[in-house]
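First up is the structure itself, then whatever we jot down about it.
On a predicted model such as this, the values are computed, not experimentally measured, just so you know.
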Amino acid sequence: MSKRPFGCLTPLGLIAAVLTALILTGIVFAQGGVLFSPGPLNATATKQPLGGVSSHAQIPSCDACHVPPWFMESMTDRCLRCHTDVAKQISQSDTLHGALAVSTADLFCARCHPEHRGADAPLTIADLSLFPHEQFGFSLVGHRQTVEGREFTCRDCHLKSLSTFDPHTCLSCHRQQDPVFMEQHLFHYPGDCLACHDGRDRFGRGFVHPDSPFALTGQHQRVECHQCHGGAKSAADFALAATDCFSCHANDDPHEGRFGTQCENCHTTNAWKPAQFDHNLAAFKLEGAHASVACTACHINNVFKGTPTDCFSCHANDDPHRGQFGTQCQLCHRPTQWRAVTFDHNRTAFPLTGAHLTVPCQSCHINGVYKGTPTECAACHREPAFHAGLFRGQSCAHCHQTTAWRPASFFGPHTFPMMHGGASSCQTCHPNSLQTYTCYSCHEHNPAKIQKKHLKEGITNFQNCVACHPTGQEHEGKHDDDDHEHDDDDDD
């Protein structure tokens, strides 16, 4: 027989080895790994038995905690069978284990509570790197090292129990770090540190106020927190602080509220003075010459509220009209300058029309007297001698227009046709006086022949033409037939 080169590494030997390994593996898993126990269980006894035992060391078999891979439940499920108090906490998010259940999808008890490390080994590993501390409202970002310079441990803050915290622990550490600041801080903000601080710290050195609705600029950067956030007892209280100027500076307001509450309209955070007041925001806008007037000229003794806005209140003593035009100076004057007058005479009882528009004011308003100026024509236009007093008591406007005195239009009673022979004015027939008239101005008669003719006819009052010719016609009255006999005599 020939010698095998690989000893037992025959096909049959390999098959036997694989079957043996499978059988041993099945036994191990079926028994919960009892053949490979890494060490004894914890022997610390509890006051009340859990699951029939007082310590893990009393657990009778491995399969009480370890689960074969083909089972639907997990090792954590078997832990909760005994630890019913923890199972209850998991359903409540405000508890320690409840918050952990929310923070991690796989709640594995052995991650924080390992076993098989000996009878006296602790059942809880306080490893900050494994614990999701931020899920409980306090980050450890700002607590890497203690005052002594060593890394923090859970026991540094949780003195009695990992599930409890005493706020005085904060004070004991931070007083060592900065005792002066802590005394001042506790004076202004006594109470629970965790109500405002979250460990990052949102109100610490890393806090940047421009991230808030109220950015700190100018002198506000030097203001202490408590001056605006006095009495705050929680982070929410800080957000309630007013952001308007007047809420903080009402007691410092030298204007006593006369300018309202929007201080930022005039002042900046750099300094209260100098201030830049925009008068256009007020009811009285500064225009023209008013823009260069000193504030104290209108606001006597720094009284701003209630300052009158009418012109007359300031310019009464400068009024050359002595109140004759009332108190509404703006009807004629502009703020650019007083002499830029635009008086609208049409707003008065005597509108200016025609030639009156070009008449100088002083022609009617003698010595600058405006009030009581008469509006009758005769008050300015003295009746001419030509009228001979015939129109006294009558209005000139019956005949004359403001466009021009001449031509005039007479609308009174007149026995003779007004437009006879195309007469253009009264003086055509009345050259000397309205009390006398003549026909010779138009008719080229010879006075001697007219006399001879009328005397021959027995007419002695031949100078009174209208007596026989009331309509201006030649052949009128009782002498019409006789006139025909003498027509040839009239030709001169």
Side-chain angles (χ1 to χ4, degrees), residues 280 283-293 297-298 308-414 416-420 422-435:
N280 289 330
F284 187 84
K285 296 178 175 55
L286 296 183
E287 300 173 335
H290 286 164
S292 59
V293 175
C298 298
T309 58
D310 63 291
C311 308
F312 201 73
S313 295
C314 284
H315 299 285
N317 295 330
D318 306 324
D319 178 23
H321 317 301
R322 303 171 186 173
Q324 298 176 82
F325 281 172
T327 60
Q328 292 182 303
C329 309
Q330 69 276 11
L331 296 180
C332 304
H333 299 277
R334 297 293 178 266
T336 53
Q337 56 179 342
W338 275 113
R339 295 189 177 277
V341 180
T342 56
F343 179 70
D344 186 1
H345 218 287
N346 291 330
R347 302 172 66 94
T348 68
F350 190 83
L352 296 183
T353 59
H356 285 166
L357 291 170
T358 59
V359 175
C361 302
Q362 60 269 22
S363 296
C364 298
H365 303 286
I366 309 301
N367 297 325
V369 177
Y370 296 88
K371 192 173 183 180
T373 300
T375 58
E376 301 83 10
C377 303
C380 287
H381 302 282
R382 188 174 56 181
E383 184 179 16
F386 177 75
H387 287 180
L390 296 177
F391 299 118
R392 290 180 181 177
Q394 298 185 24
S395 174
C396 305
H398 288 165
C399 302
H400 300 278
Q401 304 298 321
T402 58
T403 53
W405 277 112
R406 298 179 182 180
S409 301
F410 181 71
F411 297 100
H414 201 279
F416 196 78
M418 295 287 292
M419 301 304 294
H420 174 70
S424 60
S425 69
C426 300
Q427 288 182 318
T428 301
C429 299
H430 307 280
N432 300 316
S433 173
L434 291 176
Q435 291 180 317

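- Listed here is the closest heavy atom pair of V359 and A355: CG2-O, 3.4 Å.
- Pairing each heavy atom of F350 with each of T375, the nearest pair is CE1-O, 3.3 Å.
- Going from atom SG of C361 over to atom OH of Y370 covers 5.5 Å, rounded to the nearest 0.5 Å.
- Remark: the H356 side chain and the T402 side chain contain no N/O donor-acceptor pair separated by less than 3.5 Å.
- Aromatic ring centres of H345 and F343: separated by under 6.0 Å.
- Between C314 and D318, the shortest heavy-atom contact is O-OD2, 4.5 Å.
- Two residues are said to be in side-chain contact when any heavy atoms from C-beta on lie closer than 4.5 Å; L434 and F391 meet this criterion.
- The SG atom of C298 sits 8.0 Å away from the CG atom of L286 when rounded to the nearest 0.5 Å.
- Summarising the geometry, atom NE2 belonging to H420 is positioned 11.5 Å from atom NE2 belonging to H414; distances are rounded to the nearest 0.5 Å.
- When all heavy atoms of W338 and H333 are compared, the closest pair comes out as O-ND1, 2.7 Å.
- For F284 and H290, the gap between ring centers is short of 6.0 Å.
- Note: L352 CG to T358 OG1 = 9.5 Å, rounded to the nearest 0.5 Å.
- R382 places no side-chain N or O within donor-acceptor distance of the main-chain N or O of A378, the cut-off being under 3.5 Å.
- Across every non-hydrogen atom of V369 and T373, the tightest pair is O-OG1, 3.4 Å.
- Note that the NE2 atom of H315 and the CG atom of D310 stand 9.5 Å from one another [nearest 0.5 Å].
- Atom-to-atom distance recorded for Q330:CD and T327:OG1 is 8.0 Å, nearest 0.5 angstrom.
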